[in-house]
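Below is one structure; the comments refer to it alone.
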Amino acid sequence: VAVQKARLLCGFSNKIEIECRKVEDALEACQAGADMLMLDHFTPDGCAAAAARIKKQYPHVIIETGGHITCETVGTYALPHVDVVSMSAITKGPPPAKIHIKIDKDYVNLAKL
């Protein structure tokens, strides 16, 4: 029902993408008329199996994968039936830096002179 309501609101020219954490949810979304799927937090093997199964039944659906994909693991998600790989790591910036400041009381007292 949600996909049909979204289609009424956005019209035929916009794509509807559904985020799925299980292959069963992805198949249900395809059956409902989704244009794109986000296979979220799948392992590489799980993603490969799910994408192959989905593309077999719904070859026109665009399959995206994402969720905890890093620069080190992105290659393992470049799979035959996956159309898009998303990495939020590149938008989050570098890891925080740990900075410590130590103030020497004697130096501070000398600065007041």
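Side-chain atoms are counted along with the backbone in the values below, which use heavy atoms only and exclude waters and symmetry mates.
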Heavy atoms, side chains only, cut-off 4.5 Å: are V84 and I63 in contact? no
Minimum side-chain heavy-atom gap C20-M38 below 4.5 Å: no
Treat each ILVMFWY residue as a node, draw an edge where side-chain heavy atoms are under 4.5 Å apart, and state whether [X] and [Y] are in one component.
{"X": "V61", "Y": "V23", "value": "yes"}
{"X": "I16", "Y": "L39", "value": "yes"}
{"X": "I18", "Y": "I62", "value": "no"}

So the side chain to side chain donor-acceptor pair (under 3.5 Å) pairs with at least one residue in residues 45-64 (sequence neighbours excluded) are K55-D83, E64-S86
Tell me, which pairs form a side chain to side chain donor-acceptor pair (under 3.5 Å) where one or both residues lie in residues 26-36, sequence neighbours left out? R7-D35
[atom1] of [X] to [atom2] of [Y]: how many Å apart, nearest 0.5 Å?
{"X": "I69", "Y": "D40", "atom1": "CD1", "atom2": "CG", "answer": "8.5 Å"}
{"X": "C47", "Y": "L79", "atom1": "SG", "atom2": "CG", "answer": "5.5 Å"}
{"X": "Q4", "Y": "L9", "atom1": "CD", "atom2": "CG", "answer": "12.0 Å"}

Run the salt bridge (Lys or Arg N to Asp or Glu O under 4.0 Å) test against D25 and tell me which residues pass, sequence neighbours left out. none
Taken in chain and number order and not counting sequence neighbours, the residues that satisfy side chain to side chain donor-acceptor pair (under 3.5 Å) with E72 are T70
If a pair satisfies salt bridge (charged side-chain N to carboxylate O under 4.0 Å, His left out) and one of its residues is in residues 10-20, list it, with sequence neighbours excluded. none
On a heavy-atom basis, the closest approach of V3 and A34 is CG1-N, 3.9 Å
Y77 and V74: CA distance, side-chain angles, deciding distance, side-chain contact (heavy atoms from CB on, under 4.5 Å) verdict: CA-CA 5 Å; Y77 287 91; V74 68; 5.6 Å; no
With sequence neighbours left out, write down each residue that passes side-chain contact (heavy atoms from CB on, under 4.5 Å) with H68, or none if nothing qualifies. H41
